[in-house]
Asker: 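Okay, here's the structure, questions in a sec.
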Amino acid sequence: MEKSVIQNLLSIESRRILEEIQLFEEVDSTNAEAIRQIQAGNTANRLVVARSQSAGRGRRGRSWLSPLDAGVYMSVMKQFTLQPNALQGLSLLTALSLKEALNGLGISGLKLKWPNDILFQNKKLAGILLELQQRDRHCYLVFGIGLNIALPAELTQEIDRPVTDITSIADDIPENNRIVATVINELCSNLVEYEKSGFSSFQESWNESDSYLNSNIEIHNGEKRIIGKSLGVDSNGALLLQTVTGLQSINGGEVFPSLRELSE
Ligand code: BTN
């Protein structure tokens, strides 16, 4: 990967939003690096991208295995004025932006899994980890994106769920520089729209891409299990679940397909 190539592929809007690009051969985690910089007072909006991570972070305390060039590992750090319920919508928006960017690069057949996984034929292609930092009364959001490009077979076996990568699903594999820039351009353009009108203008596109819409699912949240039929997301990005006791709006947890009938 090359910083100047990424820079040249960025849209005017992305250049206006991102003041700096930092490219590392290796870092512990691009999210952790962005957060350290915020804490040190280095708060200009930036992109942190790495060819490998020694301690990549996943959601729910998991790790994100990140060998050299097996994936794209990137974090966008941006200052935000946030409404209290904005985080959820932004995290869905990031997944949607990644899906749309990949679509634009000719990679189709992608689906979303609430809140923010990207799937291809039910296998995980990418994940998103949003982290919020506050400093001197300002809010900073770190949008961490991990996209599988060419996972070594031994790594695939180590991961406890079905995974896939760009190499397995694309006919023409775009260069990583182009992938990074296209994702940034899509995300920045969607963030501008989001700051104007929130998640509601993305609700429909998100639901059209939802791999579990109208399916029976189980939400696992800690010890709690809720079973119901997924009705897609509402205008804030909460998942609407039709359960035997009525409609519930879900704000956290992980989705699994349900094999049980709702009446059980
Ligand atoms: C998930 O569990 O699905 C989220 C994975 C997010 C991984 C990315 S890789 C770049 C950024 N830096 C990290 O440490 N994590 C995110």
Asker: Apply side-chain contact (heavy atoms from CB on, under 4.5 Å) to Ile12 and list each qualifying residue two or more places apart in sequence or on a separate chain.
Answerer: none
Asker: Who pairs with Glu25 by salt bridge (Lys or Arg N to Asp or Glu O under 4.0 Å), at least two apart in sequence or on another chain?
Answerer: Arg51
Asker: For Ser29 and Gly56, which heavy atoms make the closest approach, and how far apart are they?
Answerer: CB-CA, 4.3 Å
Asker: Is it the case that over 12 heavy atoms from other parts of the model lie below 6.0 angstrom from the CG atom of Asp160?
Answerer: yes
Asker: How close do Ile107 and Ala170 get, counting heavy atoms only, and between which atoms?
Answerer: CG1-CB, 4.0 Å
Asker: With Ser189, which residues qualify under side-chain contact (heavy atoms from CB on, under 4.5 Å), at least two apart?
Answerer: Glu13
Asker: Show me the pairs that pass ring pair (Phe, Tyr, Trp, His ring centres under 6.0 Å) and involve residues 207-226, at least two apart or across chains.
Answerer: His220-Phe256
Asker: Please list all pairs meeting side chain to side chain donor-acceptor pair (under 3.5 Å) that have one or both residues in residues 173-182, counting only residues at least two apart or in different chains.
Answerer: Glu175-Asn177
Asker: Can you find a heavy atom in the side chain of Val76 that is under 4.5 Å from one in the side chain of Val142?
Answerer: no
Asker: Could you report the tightest heavy-atom contact between Ala44 and Glu19, atom names first, then the distance?
Answerer: CB-OE1, 3.4 Å
Asker: For the residue pair Gln7 / Arg15, report whether a side-chain donor-acceptor contact shorter than 3.5 Å exists.
Answerer: no
Asker: Which ILVMFWY residues are connected to Leu119, directly or by a chain of links, through side-chain heavy atoms under 4.5 Å apart?
Answerer: none
Asker: Below 4.5 Å, heavy atoms only, C-beta onward: do Gln37 and Gln22 meet side chain to side chain?
Answerer: yes
Asker: When the ring planes of Phe80 and Tyr194 are compared, do they come out parallel, tilted or perpendicular, using 30° and 60° as the limits?
Answerer: perpendicular
Asker: Side-chain heavy atoms under 4.5 angstrom apart, residues restricted to Ile, Leu, Val, Met, Phe, Trp, Tyr: same cluster for Leu141 and Ile128?
Answerer: yes
Asker: Hey, could you give me each pair passing side chain to side chain donor-acceptor pair (under 3.5 Å) that has a residue in residues 134-146? Not counting sequence neighbours.
Answerer: Gln79-His138
Asker: Do the side-chain N and O atoms of Ser200 and Ser235 include a donor-acceptor pair separated by under 3.5 angstrom?
Answerer: no
Asker: For residues 59-66, dump all side-chain donor-acceptor pairs below 3.5 Å to protein atoms at least two apart in sequence or in another chain.
Answerer:
{"from": "Arg62", "atom 1": "NH2", "to": "Glu254", "atom 2": "OE1", "distance (Å)": "3.4"}
{"from": "Ser66", "atom 1": "OG", "to": "Gln53", "atom 2": "NE2", "distance (Å)": "2.9"}
{"from": "Ser66", "atom 1": "OG", "to": "Trp64", "atom 2": "O", "distance (Å)": "2.7"}

Asker: Output, in order, the C-alpha distance, side-chain angles, deciding distance and verdict of side chain to side chain donor-acceptor pair (under 3.5 Å) for Ser209 and Lys99.
Answerer: CA-CA 9 Å; Ser209 304; Lys99 180 194 170 254; 3.1 Å; yes
Asker: Could you pull out all residues at least two apart from Asp28 that satisfy salt bridge (Lys or Arg N to Asp or Glu O under 4.0 Å)?
Answerer: Arg36
Asker: Please write out which residues are connected to Phe24 in a hydrophobic cluster, directly or through intermediates, given that two of Ile, Leu, Val, Met, Phe, Trp, Tyr count as joined at side-chain heavy-atom separations below 4.5 angstrom.
Answerer: Val27, Val48
Asker: Going by side chain to side chain contact (heavy atoms under 4.5 Å, CB included), Ile166 matches just one of Leu105, Leu125, Val72, Leu151. Which one?
Answerer: Leu125
Asker: If we count only N and O atoms by modelled type, under 3.5 Å, do the side chains of Asn103 and Ser108 hold a donor and an acceptor together?
Answerer: no
Asker: In this structure, which one of Asn116, Asn236, Asn251 forms a side chain to side chain donor-acceptor pair (under 3.5 Å) with Gln88?
Answerer: Asn251
Asker: Could you list the residues that satisfy side-chain contact (heavy atoms from CB on, under 4.5 Å) with Ser4, not counting sequence neighbours?
Answerer: Glu2
Asker: Would you say the side-chain atoms of Ser91 and Thr94 include a donor-acceptor pair closer than 3.5 Å?
Answerer: no
Asker: Of all residues at least two apart in sequence or in a different chain, which pass the salt bridge (Lys or Arg N to Asp or Glu O under 4.0 Å) check with Glu131?
Answerer: Arg57
Asker: Between Arg225 and Asn221, is any side-chain donor less than 3.5 angstrom from a side-chain acceptor?
Answerer: no
Asker: To check you understand the geometry: which heavy-atom pair defines the closest contact between Ile6 and Ala181, and what is its length?
Answerer: O-CB, 3.9 Å
